[in-house]
Novice: 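Take a look at this one; I'll ask things after.
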2 protein chains.
Amino acid sequence: MLFIHMVERNDTDHLSTVLKATSDPKRRSILTLLAQEGPLRITDIAARFDISLNAVSKHIKVLEAAGLVTRRTEWREHLIEVQMGPLSLVDQWFNELRSIWALRLDALEAALKEDDND
Amino acid sequence: MLFIHMVERNDTDHLSTVLKATSDPKRRSILTLLAQEGPLRITDIAARFDISLNAVSKHIKVLEAAGLVTRRTEWREHLIEVQMGPLSLVDQWFNELRSIWALRLDALEAALKEDDND
DNA sequence: CACTCATTCACCCCAATGGTTGACTGACCA
DNA sequence: TGGTCAGTCAACCATTGGGGTGAATGAGTG
């Protein structure tokens, strides 16, 4: 089983991890870079940003834990690839929140209409 | 001008703030509560969760800074109301990332087809 | 003016985060 | 086997973050 480190206790935790991972501008830049250039090595990523190799390595680990990135160790290099999957977890939660909110407004509106009839 | 504290230096910062604000499970719970029950006082919110009034006050400030919540000081109470607006900022960024990614895949596919013709 | 209630402020605590440097592992090359 | 390159580990530092307590503010109410 690959991606063991990506498994989370529950969805709430995973959602938190994804949101936190994307909340850092540098990590978002990394994701964008990977999206446009395809799989890259840690070293390549470090070269683009004014950041130490070590710092990039840590960022990648955070993204990896969120499942936003996977690692393909090929040859002696680690190829890092972006993954869009986890984003839908966020979409899902947002839409849930929005629908809960809309539901309440609908009920409120209905109640007001009811009031009109009195 | 209302919502001065909500104004951010730039969109990137605002996006980070929104993502960070939503990355905390307790804050997400607060947002959900507000979505289903409508505007509530800080005290009301604190009563639902096993958390001090002070902690809630801090969370609200974080959500407020992200624009995910607004405060209507009515009477002697602060009514906190959820705002869906900032969520679309995240949607937007996600969709941008996805389209950058898709674009690269399309180009790759085209290149492969080109290769077939040789 | 005194009292109460809602919220914030000022600190303190501790855990986590982003960053650094320097040493280490592991794979390939000569 | 010695060298070089990719990446991680370990230790450290400064900052932030979530939480708590107790005092202060500020707007009603009596």
Novice: Report the distance from atom CG of B:D44 to atom P of C:dA6, rounded to the nearest whole Å.
Specialist: 9 Å

Novice: Which listed nucleotide (C:dG19, D:dG17, D:dG7) is nearest to the side chain of B:K20?
Specialist: D:dG17

Novice: Of all the nucleotides listed (C:dT17, C:dC9, D:dG20), which has the minimum atom distance to the side chain of B:N54?
Specialist: C:dC9

Novice: Quick check: any donor-acceptor pair below 3.5 Å linking the side-chain of A:K58 to the base of D:dG7?
Specialist: no

Novice: Can you check whether A:K61 has a side-chain N or O nearer than 4.0 Å to OP1 or OP2 of D:dG7?
Specialist: no

Novice: Nearest 0.5 Å, please: how far is CG in B:L68 from OG1 in B:T22?
Specialist: 6.5 Å

Novice: Has A:R71 got a side-chain N or O lying under 4.0 Å from the OP1 or OP2 atom of D:dT8?
Specialist: yes

Novice: Can you figure out which of C:dC9, D:dT21, D:dG18 approaches the side chain of B:S52 most closely?
Specialist: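 Between C:dC9, D:dT21, D:dG18, the one nearest the side chain of B:S52 would be D:dT21.
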
Novice: Would you say that more than 12 heavy atoms from the other residues, nucleotides or ligands in this model lie under 6.0 Å from the CH2 of B:W101, or not?
Specialist: no

Novice: Using only side-chain N and O atoms of A:R27, determine if any of them is under 4.0 Å from OP1 or OP2 of C:dG18.
Specialist: yes

Novice: Distance check, rounded to the nearest 0.5 Å: B:M84 atom CE versus A:I100 atom CD1?
Specialist: 8.5 Å

Novice: Decide whether A:S23 and A:R28 meet the rule of one side-chain donor and one side-chain acceptor closer than 3.5 Å.
Specialist: no

Novice: So which nucleotide from C:dG19, C:dA6, C:dT8 ends up closest to the side chain of B:T43?
Specialist: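 So the side chain of B:T43 is nearest to C:dA6.
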
Novice: Just how far, in rounded Å, is C1' of C:dA6 from CZ of B:R72?
Specialist: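 These atoms are roughly 16 Å apart.
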
Novice: Does a side-chain N or O of A:S57 approach OP1 or OP2 of D:dG7 to a distance below 4.0 Å, or not?
Specialist: no

Novice: Find the distance A:I45:CD1 to C:dG19:P and express it as a whole number of Å.
Specialist: 14 Å

Novice: Nearest whole Å is fine: how far is C:dG18 C1' from A:I30 CD1?
Specialist: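 After rounding, the gap between these two atoms is 12 Å.
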
Novice: Could you check which of C:dT8, C:dT20, D:dA6 has an atom nearest any side-chain atom of A:R41?
Specialist: D:dA6

Novice: Report the nucleotide, chosen from C:dT7, D:dG17, C:dG18, that has the shortest atom-to-atom distance to any side-chain atom of A:D24.
Specialist: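 Side chain of A:D24 sits closest to C:dG18.
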
Novice: Applying the side chain to side chain donor-acceptor pair (under 3.5 Å) criterion to A:H78, which one of A:R72, A:R71, A:R41 satisfies it?
Specialist: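 Testing each of A:R72, A:R71, A:R41 against A:H78, the sole residue satisfying side chain to side chain donor-acceptor pair (under 3.5 Å) is A:R71.
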
Novice: Whole angstroms only, please: what is the CD1-C1' distance between B:I60 and C:dC9?
Specialist: 17 Å

Novice: When you check the phosphate oxygens OP1 and OP2 of C:dG19, does a side-chain N or O of A:H59 lie under 4.0 Å from one of them?
Specialist: yes

Novice: Between C:dG18, D:dG19, D:dG7, which nucleotide has the shortest distance from any of its atoms to the side chain of A:I42?
Specialist: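 Nucleotide nearest to A:I42's side chain: D:dG7.
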
